[in-house]
Amino acid sequence: MGKSKHDHELQLGLVHMQAAMAESGSRAVVVLEGRDTAGKDGTIKAITKHLSVRNTRVVALPKPNNREQSQWYLQRYVAHLPAAGELVIFNRSWYNRAGVEVVNNFSTHAEQAQFLRDVPDFERMLVENGIKLVKLWLDIDKDEQAHRLEKRRTNPLKALKVSALDAVAQDKWSDYSAARDNMLERTHSVWAPWICVRANSKPKAHKAVIRHLLHEIADDEIAHDIKQPDPDILFPFALDALEDGRLAK
């Protein structure tokens, strides 16, 4: 099967998936997390390329305002959860508290500990109330991140992606690794497992993610003929992955 035909099959599967969701009223949430430059934006574009704007929402929340800072941390995310027939993709999510905030001291140790206690039960409630929840961690190695950060700095078309956190991504690589490891270990669950994606190759990562979404969210008759993702690219989190080289240290 040629590349274009192969991609067409996956995109058509997503269209059929969304049509079936609209008809059945099912709801789905995709949480996309990963290191800086791991490819979250590109992955979202690959997923949503042919989907309906009406039934697809991409949520990338800004820094909380003063009122939001006084709320229960997960409260502002609840407002963005899907209604019947909707697919919601969080480009970064409530897991900011377990990653960026930990490394950069944007929240207190007590707030971070409270989050880690709350989130498994929060996600269990989402799933028990009928929301299909898919959590994806996009992983890249340090050299690849350095290459992508340089391209981001030198390409004027990528100027809107540059942030103050880019400057410390490499210096704090080990801190981010430690935060990632703790997050995956503490918030991986039977009802809301973490799925890891080795994303050094963007095209391979995109295909693997779409295949996974079709098998997790689409009806069996839609996903039946779709191959499973390459296990060298996409795999469920396991403690062994922290030590055997599947996740970059």
Side-chain angles (χ1 to χ4, degrees), residues 28-48 56-65 68-69 71-82 86-107 111-112 114-116 118-120 122-123 126 131-140 144-145 148-149 152 158-170 172-173 175-188 192-199 202 205-206 209 212-213 234 237 247-248:
V29 167
V30 176
V31 167
L32 261 180
E33 291 289 336
R35 294 185 186 270
D36 290 325
T37 76
K40 294 178 291 297
D41 291 343
T43 301
I44 290 171
K45 288 177 183 177
I47 296 168
T48 61
T56 309
R57 287 188 288 115
V58 177
V59 179
L61 297 183
K63 179 181 177 181
N65 59 34
E68 289 169 334
Q69 288 177 0
Q71 297 173 342
W72 175 47
Y73 175 72
L74 291 163
Q75 186 171 334
R76 71 176 185 146
Y77 293 98
V78 171
H80 297 278
L81 293 174
E86 291 182 346
L87 169 66
V88 173
I89 304 174
F90 284 95
N91 183 352
R92 294 203 184 274
S93 65
W94 43 88
Y95 283 102
N96 271 333
R97 177 134 293 179
V100 170
E101 292 190 17
V102 169
V103 174
N104 296 283
N105 298 312
F106 292 161
S107 54
E111 289 170 333
Q112 294 154 14
Q114 183 68 52
F115 169 79
L116 291 172
D118 285 350
V119 75
F122 172 69
E123 292 175 348
L126 298 184
I131 292 176
K132 295 180 180 180
L133 176 61
V134 179
K135 302 190 313 191
L136 298 167
W137 172 264
L138 303 184
D139 206 66
I140 56 174
E144 179 63 21
Q145 185 187 68
R148 293 183 186 183
L149 286 170
R152 182 178 287 184
K158 295 182 181 290
L160 297 177
K161 291 189 173 186
V162 175
S163 76
L165 294 178
D166 288 353
V168 299
Q170 290 271 288
K172 295 187 177 182
W173 177 270
D175 294 334
Y176 274 112
S177 293
R180 174 204 62 191
D181 295 354
N182 187 50
M183 178 193 78
L184 293 176
E185 184 175 354
R186 294 285 301 277
T187 62
H188 178 73
W194 275 107
I195 303 299
C196 302
V197 185
R198 301 177 73 182
K202 293 180 182 181
H206 296 168
V209 166
H212 181 71
L213 293 183
L234 182 148
F237 170 71
L247 293 174

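Looking at residues two or more places apart in sequence or on another chain, you find a salt bridge (charged side-chain N to carboxylate O under 4.0 Å, His left out) between Arg152 and Asp166. Under the rule for a side chain to side chain donor-acceptor pair (under 3.5 Å), the partners of Ser93 that lie at least two apart in sequence or sit in another chain are Glu33.
To the nearest 0.5 angstrom, Thr48 atom OG1 is 9.0 Å from Leu87 atom CG. Atom CG of Leu184 is separated from atom NZ of Lys135 by 8.5 Å, given to the nearest 0.5 angstrom. Once rounded to the nearest 0.5 Å, the distance linking CD1 of Ile89 with OG1 of Thr56 reads 7.0 Å. Distance check: Arg180 CZ to Trp194 CH2 gives 11.5 Å after rounding to the nearest 0.5 Å. Atom CZ of residue Arg97 and atom CG of residue Leu116 lie 10.5 Å apart, to the nearest 0.5 angstrom. Here CD of Gln145 is found 5.0 Å from CD1 of Ile140. Values are rounded to the nearest 0.5 Å.
Checking side-chain atoms of Arg57 against main-chain N and O of Leu81 turns up a donor-acceptor pair under 3.5 Å. Put simply, the side chain of Asn91 never gets that close to the backbone of Asp41: no donor and acceptor are under 3.5 Å apart. Checking side-chain atoms of Gln112 against main-chain N and O of Ser107 turns up a donor-acceptor pair under 3.5 Å. Remark: the backbone N or O of Asn182 is not paired with any side-chain donor or acceptor of Glu185 at under 3.5 angstrom.
None of Trp137, Phe115, Phe90 except one satisfies the ring pair (Phe, Tyr, Trp, His ring centres under 6.0 Å) rule with Tyr95; the exception is Phe115.
Listed here is the closest heavy atom pair of Arg92 and Arg35: NH2-C, 4.2 Å. Considering all non-hydrogen atoms of both residues, Pro82 and Glu86 come closest at CA-OE1, 3.4 Å. Of all heavy-atom pairs between Glu123 and Ala192, the closest is OE1-CB, 3.5 Å. Residues His80 and Leu61 come closest through the heavy atom pair NE2-CD2, 3.4 Å. Heavy atoms only, all atoms of each residue included: Arg76 and Pro64 are closest at NH2-CD, 3.5 Å. When every heavy atom of Tyr176 is checked against every heavy atom of Val100, the shortest pair comes out as CE2-CA, 4.2 Å.
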Which is it for Tyr73 and Asn96 under the side-chain contact (heavy atoms from CB on, under 4.5 Å) test, yes or no, and what are the steps along the way? CA-CA 11 Å; Tyr73 175 72; Asn96 271 333; 3.8 Å; yes
Worked verdict on Val29 versus Leu126 for side-chain contact (heavy atoms from CB on, under 4.5 Å): CA-CA 9 Å; Val29 167; Leu126 298 184; 5.7 Å; no
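At a threshold of 4.5 Å between non-hydrogen side-chain atoms, the residues Lys172 and Leu165 do not count as touching.
The ring of Trp94 has its center closer than 6.0 angstrom to the ring center of Phe122.
No salt bridge links Lys161 with Asp36; every basic N to acidic carboxylate O contact stays at or beyond 4.0 Å.
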